[in-house]
Amino acid sequence: MAKAQRVAVLGGGPGGYEAALVAAQLGAEVTVLERDGLGGSTVLTDVVPSKTLIATAELMTTVGGASELGVRFPGGGTGDHDTTGSVSVDLARINERVKALASAQSADIRARLEKEGVRILCGRGRLDGPGALVVEEGEDAGARVEADVVLVSTGSSPRTLPAAQPDGERILTWKQVYDLREMPEHLIVVGSGVTGAEFANAYDALGAHVTLVSSRDRVLPGEDADAAEVLEGVFRRRGMDVVSRSRAEAVVRHGDTVTVTLSDGRTLEGSHCIVAVGAVPNTSGIGLEEAGIWTSESGHIDVDKVSRTSARGVYAAGDCTGVFPLASVAAMQGRIAMWHALGDTVAPLRLRSVASTVFTSPEIATVGWTQGQIDSGEAQGEIVKLPLSTNARAKMLGIHDGFVKLFCRTGSGTVIGGVVVAPRASELIFPVTLAVEKRLNVDDVAHAFTVYPSLTGSLAEAARQLHVTGD
Ligand SMILES: Cc1cc2nc3c(=O)[nH]c(=O)nc-3n(C[C@H](O)[C@H](O)[C@H](O)COP(=O)(O)OP(=O)(O)OC[C@H]3O[C@@H](n4cnc5c(N)ncnc54)[C@H](O)[C@@H]3O)c2cc1C
């Protein structure tokens, strides 16, 4: 019998642990080295905690709209969106739930890896050449693991500004917010990308006064422009202050207040500040250069579509590669790496059908080509956008903001992308993802039954409107 291949994984987030599961399934001897906890930042500080916090925020948004649907709250106001004084949240309890859920999820992942026979080492490590890992600090300090295949999946960390150093109490990164025990009176969120928008939306819904500082013309500069416009409108209507075209230069704490200085000299005063201005890859000091692994100027590891680095036998996956900072992509890169390294059937990574969501109220879910790419001529496509305000189910549910947008290839009618802006858009985007992935024609989508009444009915209607006539 052939000797089992030895696989060593540096970093136990989705890039690392999903790879470990595939490698174990394919009969390899697998070791995962992780410094903070299985599941990585994804489970412990980023995706799982933020989406758990957002679950409560979403409930508060629903409650906020309940009076329009005829619900009365004892002691509540009388206006359509007024539940003032009747419903509030306990942030300490929310954060206890967030942390408990995250550590339970991490424990589940550890148990699953152990069940599959994966060896887990605890500590901070680095590569020792292209064929070994060493543990430098922590419980298993001193251990060395030799491997035929190495996967680097060390993730990324919040980028900080030199003049806005987090103190973990009032000036916070997105990883530090779960230690808050009381609702910030006035939260300033610096950065209006996905993370900034999600936290601004969540704390606004939970009852904080929020100011969102955006360096661009509008929030979510990287997302569909119509979707971002809807969200910014909703933010402003709910009373959030959105400060556009303003770059934060410095954040300073004086006792219980924080002062944010903008590049034009203006200042904003708040009780807390979350700085969400991007991430930097965790790639320094882990022996990459010595192992012959090339990185880009930004410090991301160069990989090809099967996750190979420039060093033979060394693969990389996830945020440390900068390919697409999503947990789902990290996991797929990790699996592909192992399928390739261990000789299983493998197809190169395809980013065209990656679905992603901005978890705000409403949510913004997208897949495939974008309208920006169609408008610029990079893709030849037709576009239909339908507001949800005409959808019967949306009216029943009291949904006032949102739309569906479908893109198909000009001439052939093949579905190439779409956008859904709606509550639970993260769930509603799946039929579009399926259509993009399987290259379905708009008629395939249009001819499938949807439930009446349903929000997905608008997706089928958009497909019908995109029907390519014979003439
Ligand atoms: C606030 C927020 C919300 C997000 N929400 C979503 C979402 O809803 N959906 C989504 O798909 N994506 C989301 N993302 C993106 C997602 O978190 C990342 O894409 C994902 O974490 C990448 O996984 P990874 O395996 O590359 O890294 P990570 O999950 O960061 O795991 C890397 C691991 O490597 C370990 N490590 C690093 N260096 C060493 C070392 N030297 N020795 C030992 N261990 C080491 C770290 O401790 C860490 O556990 C969100 C990101 C943020 C910031």
Side-chain angles (χ1 to χ4, degrees), residues 8-20 31-55 98 102 105-106 109-110 120-127 133-141 143 145 151-159 172-178 189 191 193-199 202 274-288 300-301 303 307 316-335 337 354-360 363-365 426:
V9 178
L10 184 62
Y17 76 75
E18 287 290 344
T31 304
V32 174
L33 168 54
E34 165 57 50
R35 70 177 178 202
D36 295 336
L38 268 302
S41 307
T42 306
V43 169
L44 294 170
T45 56
D46 296 357
V47 187
V48 171
S50 66
K51 263 80 260 186
T52 309
L53 177 86
I54 286 166
V98 164
Q105 180 70 8
S106 174
I109 293 167
R110 171 178 269 273
I120 297 164
L121 293 178
C122 302
R124 189 176 59 79
R126 65 169 170 82
L127 277 85
L133 299 183
V134 284
V135 189
E136 292 189 306
E137 248 179 58
E139 208 176 306
D140 292 306
V145 186
L151 177 85
V152 182
S153 51
T154 45
S156 62
S157 302
R159 187 165 84 83
L172 306 158
T173 69
W174 63 71
K175 292 181 191 287
Q176 296 170 327
V177 294
Y178 307 105
V189 178
V194 176
T195 301
E198 287 189 352
F199 279 112
I274 298 178
V275 182
V277 290
V280 287
N282 298 328
T283 51
S284 61
I286 56 168
L288 295 181
H300 292 99
I301 301 173
V303 284
S307 312
D319 282 9
C320 64
T321 67
V323 167
F324 205 139
L326 283 178
S328 51
V329 175
M332 188 55 81
Q333 284 180 288
R335 292 184 204 112
V354 174
S356 63
T357 295
V358 186
F359 287 86
T360 43
E363 293 179 355
I364 298 172
S426 49

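Whatever order the structure lists them in is the order used to number ligands and atoms, beginning at 1. Because the structure is predicted, anything quoted here is derived from the model rather than measured.
Note: L172 CG to F199 CZ = 10.0 Å, rounded to the nearest 0.5 Å. The structure places OG1 of T42 at 8.5 Å from CD1 of I109, a figure rounded to the nearest 0.5 Å. The CG atom of L33 lies 11.5 Å from the CZ atom of R126; values are rounded to the nearest 0.5 Å. Atom SG of C320 sits about 8.5 Å away from atom NE2 of H300, to the nearest 0.5 Å. For the atom pair R124 CZ and T154 OG1, the distance stands at 12.0 Å (nearest 0.5 Å). Note that OG1 of T45 and NZ of K175 are 3.0 Å apart. Values are rounded to the nearest 0.5 Å.
Looking only at heavy atoms of the protein, atom 29 (O) of ligand 1 is closest to T42 OG1, 2.7 Å. Nearest protein neighbour of atom 12 (N) of ligand 1, counting heavy atoms only, is A327 N, 3.3 Å. Looking only at heavy atoms of the protein, atom 52 (C) of ligand 1 is closest to D46 CB, 3.7 Å. Given atom 39 (C) of ligand 1, the protein heavy atom at minimum distance is T154 CG2, 3.8 Å. For atom 25 (O) of ligand 1, the closest non-hydrogen atom of the protein is G15 N, 3.0 Å. Ranking protein heavy atoms by distance to atom 9 (N) of ligand 1, first place goes to V47 CG1, 3.9 Å.
Counting heavy atoms from C-beta on, the side chains of V275 and P158 never come closer than 4.5 Å. Between M332 and E18 there is no side-chain heavy-atom pair separated by less than 4.5 Å. Residues P281 and I301 form no side-chain contact, since every pair of their non-hydrogen atoms from C-beta on lies 4.5 Å or further apart. Side-chain contact between L288 and L127 is present, with at least one heavy-atom pair separated by less than 4.5 Å.
At least one N or O atom of K51 sits closer than 3.5 Å to an N or O atom of ligand 1. Polar contact with ligand 1: present for R35 (N/O pair, distance under 3.5 Å). An N or O contact shorter than 3.5 Å is missing between S156 and ligand 1 by distance. For a threshold of 3.5 Å applied to N or O pairs, the pair formed by N282 and ligand 1 contains no separation below that value.
Put simply, the side chain of E198 never gets that close to the backbone of T195: no donor and acceptor are under 3.5 Å apart.
Every atom of ligand 1 with a heavy atom of G125 under 4.0 Å away is listed here by number and element: 40 (C), 41 (N), 42 (N), 43 (C). Within ligand 1, counting atoms from 1 as listed, the ones closer than 4.0 Å to a heavy atom of G318 are 26 (O). Near D36, the atoms of ligand 1 lying under 4.0 angstrom from a non-hydrogen atom of the residue are 47 (O). Atoms of ligand 1 found under 4.0 Å from any heavy atom of F359 (numbered from 1 in listed order, with element): 8 (O). Set against the non-hydrogen atoms of P325, the atoms of ligand 1 under 4.0 Å away are 15 (C), 19 (O). Interface of G123 with ligand 1, defined as ligand atoms under 4.0 Å from a residue heavy atom, comprises 42 (N), 43 (C). Under a 4.0 Å criterion applied to the non-hydrogen atoms of G13, ligand 1 contributes the atoms 25 (O), 29 (O), 31 (O), 33 (C). Residue S328 has at least one heavy-atom neighbour below 4.0 Å for each of these atoms of ligand 1: 11 (O).
By heavy-atom distance, the residue among G39, S153, S41, G40 lying nearest atom 32 (C) of ligand 1 is S153. In this structure, of E18, E136, K175, E34, the residue bringing a heavy atom nearest to atom 47 (O) of ligand 1 is E34. The residue from L10, D319, V323 that puts a heavy atom closest to atom 22 (C) of ligand 1 is D319. Closest heavy-atom approach to atom 34 (O) of ligand 1 within the set G11, C320, G155: this belongs to G11. For the residues T195, I286, L133, the heavy atom positioned nearest atom 1 (C) of ligand 1 is part of T195.
Among residues two or more places apart in sequence or in another chain, the side-chain hydrogen bond (donor to acceptor under 3.5 Å, both in side chains) test is passed with D36 by none.
Between N282 and the choices S41, S157, S156, the side-chain hydrogen bond (donor to acceptor under 3.5 Å, both in side chains) rule is met once, by S157.
Residues V277 and R159 share a closest heavy-atom pair of O-NE, 2.9 Å.
Judged purely by distance below 3.5 Å, without hydrogens or angles, the side chains of S426 and E363 pair a donor atom with an acceptor atom.
When non-hydrogen atoms are compared, ligand 1 lies under 4.0 Å from neither the backbone nor the side chain of R126. Residue-level proximity to ligand 1 for S50 is carried by the side chain, the only part with a heavy atom below 4.0 angstrom.
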